[in-house]
Q: 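Once you've had a glance at the structure underneath, I'll fire off some questions.
Owing to the predicted nature of the structure, the values given are computational and were not obtained by experimental measurement.
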Protein chains: 2
Amino acid sequence: MTQQAERTRRIPLSRDRVLAAAVALADEVGIEALSMRRLAQELGVVPMALYKHVASKEELLDGMVDALVSEIDPPVRDAGWKNAVRLRVLSARRALLVHRWGRQVLESRTNKTPAVLGYMDSFIGMFLAGGFSVDLTHHVMHALGSRMWGFTQELFDDSAGGSAEGPVTLPPEAQAAMSREMAARYPNLLKVATASAHKDSVVGQGCDDQFEFEFALDLLLDGFERLHRQGWTSTPEETPTPTAS
Amino acid sequence: MTQQAERTRRIPLSRDRVLAAAVALADEVGIEALSMRRLAQELGVVPMALYKHVASKEELLDGMVDALVSEIDPPVRDAGWKNAVRLRVLSARRALLVHRWGRQVLESRTNKTPAVLGYMDSFIGMFLAGGFSVDLTHHVMHALGSRMWGFTQELFDDSAGGSAEGPVTLPPEAQAAMSREMAARYPNLLKVATASAHKDSVVGQGCDDQFEFEFALDLLLDGFERLHRQGWTSTPEETPTPTAS
DNA sequence: ATTGACAAGTGTACGACGTACACCTAACGT
DNA sequence: ACGTTAGGTGTACGTCGTACACTTGTCAAT
């Protein structure tokens, strides 16, 4: 009976269970609060037990990235390169919006896991299948950069408003004073910040991140299309002069 | 005499001296090896002494970013928005190539310091001065993203070759086997990786990062120019359909 | 049934890290 | 001469990743 009871309440750990728990925990409490100790606790186990299933925290993070990548849809078939790329990037973005730690972790990873390489390979494949030259594909992949994962460096995180200043909220007069400060010191920043604030279709705060993302993505894709159509082969006017200094 | 001697060999610390030392140390040993303890040691001082000049490590990093930003050239006057933006971005990039920790630290910072805000403000100013609408400027800034700082997410860090595998170097047969593995599993990736390897103008390894950066930058700038010329006002065909799901 | 190998989980411990807090000390305005 | 105070010290706490030696629980071969 003790055996039975213990067996029911303690399913043995496994790499997959550890990774799943890590993903869930990071989703819930954020990546900066994900420690081996905390994760072990969540699994009802002593910290060192995890090391029987993952070699190190680095490997844990790699595994989490793999889990994330596996949630990205495969390329849509017979949709044309542009649509295929577009849909895939947006699928990746959806995965990243669910797992908000993804951006940071993806950025930090330097060792590419097979899953990551596989994604990149198949991504490249979309361009080649679309008739892009190997060279143009190469450049185009660089131009996409992290956008291929569905994210970009967020420039206007929460800034430019000055609402949440840590745990303490400033008194209203201080806020007003700060706004005046800002207006005086950063007039241009203020212009674009306030302009984007009172758009109609905006739900939450400053600006519609999804719109901005798709705007830039489409701008790039259109550029790619133009280069491709004119049969790109490193024409002089497209080649930037490599600045020596 | 003791006073004199001590005075000469111990110039009192100051915020600027701390920041300068931090920058120098990070340049030398890398950002991940920059700890308050190590920095204090470098300055011949006990760790806690630093906290008399810097509130926390976070603030130290902010200060380092400020130092970095101050190395970026101011906008060139009367050169047209496109050239002004281009030159400024490349100037930022040069600063980041000197301080290789810049990318990571800039990415991690969520609190924008006055220097950072100032840079952004003046950056925005270049577009507005070029006749861009506030709206278009806003989108364009998002599209640039981290490229405004002169960097992009590096996708092909060292990968795709499999040369340096940590401290241990693999025996040649193992490397060959791995290459064959790669070729079978990631044919597309291999194609673009090898193609970029035997370009003539390439100096170091896989591909010319500077070229790739400028390629993508110019692609974006050309896109901006086109939108600007046709008097962008959110025309329907440019507006991406916001995917609900 | 006994053994003994092996995988899974435990416990203790170490050396980093950031930093709170109390203390000392030397320079300076009064 | 004296109190204030800015700059530097020392000790200590809690957190982190993880090395290493250990118990335990399970199953195959005897």
Q: What's the closest nucleotide to the B:Ser35 side chain, out of C:dT12, C:dC17, D:dG17?
A: C:dC17
Q: What nucleotide among D:dG8, C:dG11, C:dA8 has an atom nearest to a side-chain atom of A:Lys52?
A: C:dA8
Q: B:Tyr51 has a side chain; which of C:dT19, D:dC16, C:dG9 sits nearest to it?
A: C:dT19
Q: Whole-Å distance between D:dG8 P and B:Arg17 CZ?
A: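 My rounded result for the distance is 8 Å.
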Q: State which of C:dT10, D:dG8, C:dA8 makes the closest approach to the side chain of A:Ala49.
A: C:dT10
Q: Identify, between B:Ser14 and A:Ala33, the residue whose nearest nucleotide on DNA chain D lies closer to the 5' end.
A: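 With B:Ser14 and A:Ala33 compared, the 5'-side residue is B:Ser14.
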Q: Find the distance A:Arg15:CZ to C:dA7:P and express it as a whole number of Å.
A: 17 Å
Q: Counting only side-chain heavy atoms from C-beta out, which of D:dA19, D:dT9, C:dA8 sits nearest to A:Met48?
A: D:dA19
Q: Starting from C1' on D:dT15, measure out to CG on A:Leu34 and report it in whole angstrom.
A: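 Interatomic distance, CG of A:Leu34 to C1' of D:dT15: 14 Å.
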Q: Provide, to the nearest angstrom, the distance between the CG atom belonging to B:Leu61 and the P atom belonging to C:dG18.
A: 10 Å
Q: Without decimals, in angstroms, what is the distance between B:Gln41 CD and D:dG10 P?
A: 15 Å
Q: Restricting to ring-ring contact (aromatic ring centres under 6.0 Å, His included), what partner residues turn up for A:His99, sequence neighbours left out?
A: A:Trp101
Q: Take atom CE of B:Met36 and atom P of D:dT9, then tell me their distance rounded to the nearest Å.
A: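 Checked: the CE to P distance equals 14 Å.
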Q: Rounded to whole angstroms, how far apart are CG on A:Leu13 and P on D:dG25?
A: 16 Å
Q: Using heavy-atom distances to pick each residue's nearest nucleotide on DNA chain C, tell me which of B:Arg38 and A:Leu50 is more 5'.
A: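 Counting from the 5' end, the first nearest nucleotide belongs to A:Leu50.
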Q: Tell me, do B:Val29 and B:Leu34 make a side-chain contact under 4.5 Å, heavy atoms counted?
A: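 No. Closest side-chain heavy atoms not under 4.5 Å.
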Q: Consider the side chain of B:Arg37, meaning its heavy atoms from C-beta on, and name the nucleotide among C:dC17, D:dC16, C:dT10 that approaches it most closely.
A: C:dC17
Q: Exactly one of A:Arg109, A:Lys57, A:Lys112 should register a salt bridge (charged side-chain N to carboxylate O under 4.0 Å, His left out) with A:Asp62. Which one does?
A: A:Arg109
Q: Give a yes or no on this: more than 12 heavy atoms of other residues, nucleotides or ligands lie within 6.0 Å of atom CZ of A:Arg15.
A: yes
Q: Could you tell me the separation between the CG atom of B:Leu60 and the P atom of C:dC17, rounded to a whole number of Å?
A: 14 Å
Q: If only side-chain N and O atoms of A:His53 are considered, is one of them under 4.0 Å from the OP1 or OP2 phosphate oxygen of C:dA7?
A: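 No, outside the criterion.
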Q: Do the side chains of A:Leu43 and A:Arg17 get nearer than 4.5 Å, heavy atoms only?
A: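 A:Arg17 vs A:Leu43: side chains touch.
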